Peer 1: 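Take a look at this one; I'll ask things after.
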Amino acid sequence: MAIIETEAALHEAHRDNHTHRDVNGGWLRPAVFGAMDGLVSNLALITGVAGGAVGHRTIVITGLAGLAAGAFSMAVGEYTSVASQRELVEAELDVERRELRRHPQDEEEELAALYETRGVEPELAREVARQLSRDPEQALEIHAREELGVDPGGLPSPLVAAVSSFGSFALGALLPVLPYLLGATALWPALLLALVGLFGCGAVVAKVTARSWWFSGLRQLALGGAAAGVTYALGSLFGTAVG
């Protein structure tokens, strides 16, 4: 009895712990990339303009313009990219669907051969392929996963990708300009807030991907800080040359 209870407890623990995050939803990559890109690009833009010794009003307008332009560009780019990829996959699924309808026996043998290459005994492989091929939609799903490496029911949404990119870029790009909107006249509050945001974004990404939060945060902090430093130097150089 104790052994049965122990096995049941182990099974329940395995079931609770053996879960995976959704990696096909289509929102994580554009959201993360958008936030990072918004922070780094608008921080670099603002520091570059500030390095040219322009007025407070010019910096605010530049920051807001960079936010709007970048957010729309990210959204359009992500929508087009994900939509094109989805259309390509759907076209290949249509090809596979036609083959299953026109040559079901050949497709069944193809599936059996695939299982054989993975170590399944020939007779068992043929029986598994036969049973799985009885349902056309299930057969399509299996062939898509085995041959194309995609899940027909888990294709990313272009709209989700676009909205995620737009919102995350806008949020990231807002941080460097926010102190100016609240009345700051110096660059350092915007720089400080943006660098904290970069570290925070890196740490959050690490939590999602199970990497070290401090390493990921410091890496983003260093990269963003380097971009800001270079553009500030170029802005100072260009400002002096133009002036």
Side-chain angles (χ1 to χ4, degrees), residues 16-52 56 59-60 62-79 81-82 154 156-157 160-236:
D16 293 339
N17 294 324
H18 195 73
T19 57
H20 299 282
R21 290 180 286 265
D22 177 18
V23 296
N24 294 317
W27 64 270
L28 180 59
R29 184 188 66 83
V32 171
F33 180 73
M36 294 295 184
D37 193 28
L39 263 169
V40 174
S41 64
N42 224 28
L43 174 62
L45 180 62
I46 288 175
T47 54
V49 173
H56 167 269
I59 294 177
V60 172
T62 300
L64 292 177
L67 185 157
F72 281 110
S73 177
M74 284 287 294
V76 171
E78 280 295 332
Y79 185 91
S81 174
V82 175
S157 166
V160 169
V163 171
S164 298
S165 295
F166 183 93
S168 58
F169 186 99
L171 183 61
L174 179 63
L175 287 184
V177 76
L178 186 60
Y180 285 102
L181 294 175
L182 296 177
T185 56
L187 177 62
W188 70 264
L191 182 62
L192 179 62
L193 182 60
L195 293 179
V196 169
L198 281 170
F199 182 86
C201 282
V204 169
V205 171
K207 287 293 183 181
V208 173
T209 58
R211 289 181 176 269
S212 173
W213 65 269
W214 58 267
F215 175 80
S216 183
L218 288 176
R219 179 176 59 185
Q220 293 302 327
L221 179 64
L223 292 174
V230 170
T231 52
Y232 184 85
L234 290 174
S236 299

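Keep in mind that this is a model prediction, so the values were computed, not measured.
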Peer 1: Check side-chain hydrogen bond (donor to acceptor under 3.5 Å, both in side chains) between Trp213 and all other residues, then give those that pass, not counting sequence neighbours.
Peer 2: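 Once residues adjacent in sequence are excluded, Trp213 has no partner under the side-chain hydrogen bond (donor to acceptor under 3.5 Å, both in side chains) criterion.
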
Peer 1: Anything under 3.5 Å between a donor and an acceptor, one on a side chain of residues 217-231, the other on a protein residue two or more places apart or in another chain? List them.
Peer 2:
residue : atom : partner : partner atom : Å
Thr231  : OG1  : Ala44   : O            : 3.1
Thr231  : OG1  : Thr47   : OG1          : 2.9
Thr231  : OG1  : Ala227  : O            : 2.9
Thr231  : OG1  : Ala228  : O            : 3.0

Peer 1: Are any of the side-chain heavy atoms of Phe169 and Leu39 separated by less than 4.5 Å?
Peer 2: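 Side chain of Phe169 against side chain of Leu39, heavy atoms only: no contact under 4.5 Å found.
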
Peer 1: Where the side chain of Ser81 meets the backbone of Gly77, is there a donor-acceptor pair that is under 3.5 Å apart?
Peer 2: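 The answer is no, because no donor-acceptor pair under 3.5 Å joins these two groups.
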
Peer 1: Return the minimal non-hydrogen interatomic distance between Met74 and Asp37, and the atom names on each side.
Peer 2: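 Shortest heavy-atom contact: SD-OD2, 3.5 Å.
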
Peer 1: Indicate every side-chain donor-acceptor pair of residues 170-183 with a distance under 3.5 Å to a residue at least two apart or in another chain.
Peer 2:
residue : atom : partner : partner atom : Å
Tyr180  : OH   : Ala186  : O            : 3.4

Peer 1: Within this structure, what is the CG-OG1 distance for the pair Leu45 and Thr62, rounded to the nearest 0.5 Å?
Peer 2: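 Answer rounded to 0.5 Å: 6.0 Å.
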
Peer 1: CZ of Phe199: more than 12 outside heavy atoms within 6.0 angstrom?
Peer 2: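 Yes, the 6.0 Å shell around CZ holds more than 12 heavy atoms from other groups.
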
Peer 1: Could you measure the distance from the CG atom of Leu64 to the CD1 atom of Ile59? Nearest 0.5 Å is fine.
Peer 2: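 Going from CG on Leu64 over to CD1 on Ile59, the span is 12.0 Å.
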
Peer 1: Is there a side-chain contact between Tyr79 and Ser165 in this structure, where contact means two heavy atoms from C-beta onward sitting under 4.5 Å apart?
Peer 2: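 Contact flag for Tyr79/Ser165 side chains = no.
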
Peer 1: Going by the rule ring pair (Phe, Tyr, Trp, His ring centres under 6.0 Å), which residues pair with Phe215 if we only count those two or more places apart in sequence or in a different chain?
Peer 2: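 None.
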
